[in-house]
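Here's the structure, in C-alpha cells; my notes come after.
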Amino acid sequence: MRNYYLKIREKFIPDIASGNKTHEYRLASPDRAQIKIGDTLVLISNQDKNVFIKTTIKSIKHFPGWQEALEDNWQKDFKSLYRTMDEALKECYRFYPKIEVDTYGINVYEIEPLKENSLDASILIDTNIIIKRESNNNASFEIANLFNWFAKKQSQIFIHELSKEELNNYDNEEAKKAILTKLNSYNVLPKFPDIKDAFFESIVSQYSRDKNSEIDNKLLKEVYDGNVGVLLTDDNLMLKKAESLYIRDRVLASAELLSKFEHFDPKNIEYKMLAVKLKEFGEVDLNSKFFDTLREDYGGIDFDNWFKRKTRNKEKAYVFENESGIIQGFLYLKDEDPNEIGYLQMRPALSPKRRLKVGTFKIDSTGFRLGERFLKIIFDNAINRNVEEIYVTLFEDRRDDVKQLKEMMESWGFYRHGYKENGELVLVKGLGKYDETKSPKYNFPIIKEQARYFLLPIFPEYHTDLFPDMILKNEDMHLYEDKKAHRYALEKIYLSGAYKTDAKPGDIMVIYRVGESKPKKYSSVITGIAIIESLIDTKSVDECLALCKNRSVFEENEIIEMHKKRPKVVKLLDYKPFKSKVTLEYLWSQGIVIPGNGPRTFDPITKEQYENIYKLGTEK
C-alpha cells in the first residue's frame, strides 16, 4: 500500500466525505502508472493544505478521453455541481491540455473515504513512552491507563528495534539499566522493506537530521508505509512532522489515545428517574424464577456460568423489580468490536461494523409500557457509544413473550437479517441515514437531515409527568415514583389547540418548561428535545381517547372536557434530556423569543438557533 498526494478543488471534498462522489478523474500520465488498487489517495485542497481527505482506491479504469470517462458516473459524482454532462465536460476540459489528454487518456479511480480505527490497530510505542512506563521517576497516569486498555482489548503492542539503541543514550544511568532489562518483555516490530518515498523525504528533510531525529523518522515511516496501525508518542516534534505527512490521525499522544478509548467505550447510562435501574450482576438474584426461561433457551449451566462470569467482572445490567422485589425486566448491553468472530457464524454473516449488542433482554408483562422504557435505554446507549448498528438474537417461536418482544422491536425499525447457527433469529437496526420512506418511529433515534425546529411550551404540572428524564434539579423525584404508563412510554401525547402549523412528522420539538417562580426568565427553561411522530386533527372524542390511551398525562374525563379546544393530537418520541437547562433569558438575548414574552406552541426557530440551544443544553 502506497500513499499518493493529489491537489483537489475544495468544493469536491464534502461530496467525497459523504459518499456522493465516488470517482476521481486524473490524466493517465506516466508518473501515475504505478498507482494501484488498494493504494491511498490523499486529496488535498488547492486552497488550504490543512483541508484534505484520505481515500482508498477500489478500482481503476482507463478511458481515451473525458467524454468516455464521465459517461457512466458524472450524474452521481457531480450532481450537486452541474446540471448536464456538457457543463461537467466544459469544466473538465480546463484541467489538462487537449494534447496531453489525447496522448495519455484519463484514469478514473473508484474511491471511498478511508476508515481507520485506531482503537483496534496495532501500536508502535515510541521510546519516550517506554521511559514513562518503565521508569519509577516518570510515572504517568495516561500511560498506566493506556496499558490497562491495551490488555483489555488485547492490542498488538510493538517497540522498534532502534529503541534499544536510543535508550542507550538515556542520561539517567540507573533508570536506563532498569528499562533496558525490561525491553525483552516487548515484541519487536518485524522488519519490512524500506520503500523510498519522495514526499516523505521532502517533509522530514525540513527538520534537523541528527541521530535521534533519524530514529524518529524511521518510526514515522513505519506508520506512513502502513507497517503498523498507530504510533504512540509524546514527542511534540514527531507530532508536528506527522501533521505535515498527513498521518496525524495515526500518530497520537498518550492523552489523545486514552481519550479515544474512553470515548468509544463509555459506561452504561444511569437513570435517576423511574424504576429501571443499572445494577451489577452481583446485586441481582440469579436464582429468581425470572431467569428460568433463559436457562431453558441457553442451557441451564451455560447460562449460570455466563451470569457468574459477568458477576466476577463486575459488569452491569438494567433491571426492573416490582414493589415486592420480584424481577420483571432485565437488559444487558454489550459494546462490540467491528471484527467480532460471532458475525461470521451468522447466515448471512454480518459485515464489520461497530455495534451495540442487546445481549440479554427479557420483560414480563406489567401493563405500563416497560418495554418502551427498555427500548429508550437501548437507543440512548447506542447514541452514547456512537455505534453504526444495534442487533439482538432471539428464539422467535418458543414463547409468546419473545414473539411480543420481536414484534415490538420490528415496529421500531429492527429488521430480519438472518439466523445464527443455533437457530436464533438475528434482528438488526441501522443507525446510518434517515429513510424518508419510513416513519419517524421506524427511523428513531435517527433524525432526518431536513428537519425543522419548533418550540413546545409545557406547564410545570404536566412537564415532568410526561418527560420524567427532563426533571429539574430542584424538583422532587419522589413525586414521579408511581408506575404510570405515560411516564414509561417512549411515545408521548401532547394535546394542542394550534390548528395551523408547518410542522411535519420527523421535525424536532424543543421542550420548554414554563417557570413557576419569578423572575420567569430564569425559572422558565428548555429541558430537552423530542421528535414529532405524527399530528392528527381528531374528529371525535372517541378518536382522541383511543390515540391518548396510556400515553397522555390527562385522565379520560379531562380529555373529554378538553377536546373542543384541543383536538390536535401531537405524538412525540422522547429523544433527549438536556444536561444543562437553557433559560428564557438566553432565548430573549438571542432574539429567539420576543423579550418580555414566552414562546407559543409551534413557534418555529432556525437551524442555527436550534444548534446553539442544543450545544448549550448538552454541555456539562
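Between Phe379 and Trp412, the angle of the ring planes lies from 30° to 60°, which puts this pair in the tilted group.
Between Thr22 and Lys58 there is no side-chain heavy-atom pair separated by less than 4.5 Å. When side chains are defined from C-beta on, Lys376 counts as touching Asp574, because their heavy atoms get closer than 4.5 Å. At least one side-chain heavy atom of Asp335 sits less than 4.5 Å from a side-chain heavy atom of Val387. Residues Tyr391 and Val428 are in side-chain contact: their nearest non-hydrogen atoms beyond the backbone lie under 4.5 Å apart. Trp149 places none of its side-chain heavy atoms less than 4.5 Å from the side chain of Leu257. Proximity of Tyr453 to Lys607: side-chain heavy atoms (C-beta onward) are separated by under 4.5 Å at one or more points. With contacts defined as side-chain heavy-atom distances shorter than 4.5 Å, the pair Pro440/Tyr434 qualifies. You'll find the side chain of Ile377 reaches within 4.5 Å of the side chain of Tyr271, heavy atoms only.
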Note to self: Evaluate Arg551 against Glu491 for salt bridge (Lys or Arg N to Asp or Glu O under 4.0 Å), listing each step before the verdict.
What the structure shows: CA-CA 7 Å; Arg551 301 189 187 280; Glu491 294 177 282; 3.2 Å; yes

Checklist line | ring pair (Phe, Tyr, Trp, His ring centres under 6.0 Å) evaluation trace for Tyr298 with Phe395 | finding: CA-CA 10 Å; Tyr298 299 101; Phe395 292 105; 5.6 Å; yes

Next item on the list: Test Gln328 against Asp364 for side chain to side chain donor-acceptor pair (under 3.5 Å), laying out the working first.
Entry: CA-CA 5 Å; Gln328 290 185 282; Asp364 288 344; 5.6 Å; no

Check: Is there a salt bridge (Lys or Arg N to Asp or Glu O under 4.0 Å) between Lys277 and Glu283 once you walk through the steps?
Finding: CA-CA 11 Å; Lys277 299 300 179 187; Glu283 300 176 85; over 6 Å; no

Checklist line | Worked check of side chain to side chain donor-acceptor pair (under 3.5 Å) between Glu110 and Ser59 | finding: CA-CA 5 Å; Glu110 183 185 5; Ser59 69; 2.8 Å; yes

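With values rounded to the nearest 0.5 angstrom, Ile531 atom CD1 is found 4.5 Å from Ile447 atom CD1. Atom CZ in Phe374 sits 8.0 Å away from atom CZ in Phe320 (nearest 0.5 Å). Atoms CE and CD1, from Met477 and Ile471 in turn, are 5.5 Å apart once rounded to the nearest 0.5 Å. The distance from the NZ atom of Lys549 to the CD1 atom of Ile559 is 12.0 Å, given to the nearest 0.5 Å. With values rounded to the nearest 0.5 angstrom, Phe454 atom CZ is found 6.5 Å from Ile532 atom CD1. The CG atom of Leu573 sits 5.5 Å away from the CZ atom of Phe444 when rounded to the nearest 0.5 Å.
Side chain of Lys362 to main chain of Phe290: a donor-acceptor pair is present (N/O by atom type, distance under 3.5 Å, no hydrogens or angles). For the pair Thr311 (side chain) and Phe307 (backbone), a donor-acceptor distance under 3.5 Å is present. Judged by distance alone, the side chain of Asp465 and the main-chain N or O of Tyr480 form no donor-acceptor pair under 3.5 Å. With Asn381 contributing its side chain and Ile269 its backbone, the two residues share a donor-acceptor pair below 3.5 Å. A donor-acceptor pair is defined here as one N or O able to donate and one able to accept, closer than 3.5 Å; such a pair exists between the side chain of Asp39 and the backbone of Arg2. Between the side chain of Arg487 and the main chain of Asp482, a donor-acceptor pair closer than 3.5 Å is present. Formation of a donor-acceptor pair under 3.5 Å by the Asn313 side chain with backbone atoms of Glu315 is not found in this model. One N or O on the side chain of Asp507 and one on the backbone of Lys504 form a donor-acceptor pair closer than 3.5 Å. With hydrogens and angles disregarded, no donor-acceptor distance shorter than 3.5 Å links the side chain of Lys492 to the backbone of Val553. For Arg399 (side chain) and Glu396 (main-chain N/O), no donor-acceptor pair under 3.5 Å exists by modelled atom type.
By the 6.0 Å contact criterion, CD on Glu556 is open, its count of non-hydrogen atoms from other residues, nucleotides or ligands being 12 or less. Other residues, nucleotides and ligands place more than 12 heavy atoms under 6.0 Å from the CD atom of Glu481.
For the residue pair Asp285 and Phe291, the shortest heavy atom distance occurs at O-CE1, 3.3 Å. Pairing each heavy atom of Leu252 with each of Arg248, the nearest pair is CD2-O, 3.8 Å. Residues Leu535 and Ala503 come closest through the heavy atom pair CD1-O, 3.7 Å. Nearest heavy atom pair, residue Lys357 against residue Glu336, reads CD-OE2, 3.3 Å. The shortest heavy-atom contact between Ala121 and Gly229 is CB-CA, 3.8 Å. In terms of heavy atoms, Pro445 sits closest to Tyr575 at O-CE1, 3.2 Å.
The only option from Phe361, Phe303, Phe281 that meets the ring-ring contact (aromatic ring centres under 6.0 Å, His included) definition with Phe330 turns out to be Phe281. Partner Phe414 forms a side chain to side chain contact (heavy atoms under 4.5 Å, CB included) with one of Met408, Lys429, Glu407, Lys406 and no other, that one being Lys429. The salt bridge (Lys or Arg N to Asp or Glu O under 4.0 Å) test with Arg355 is passed by exactly one of Glu388, Glu389, Glu340: Glu389.
Contact check on Lys308 versus Asp304 returns no salt bridge, with no Lys/Arg side-chain nitrogen under 4.0 Å from an Asp/Glu carboxylate oxygen. Look at Lys61 and Asp72 and you find no salt bridge, because none of the NZ, NE, NH1 or NH2 atoms lies under 4.0 Å from a carboxylate O.
In this structure, Arg133 is positioned above the aromatic face of Phe147, its NZ or CZ under 6.0 Å from the six-membered ring centre and within 45° of the axis.
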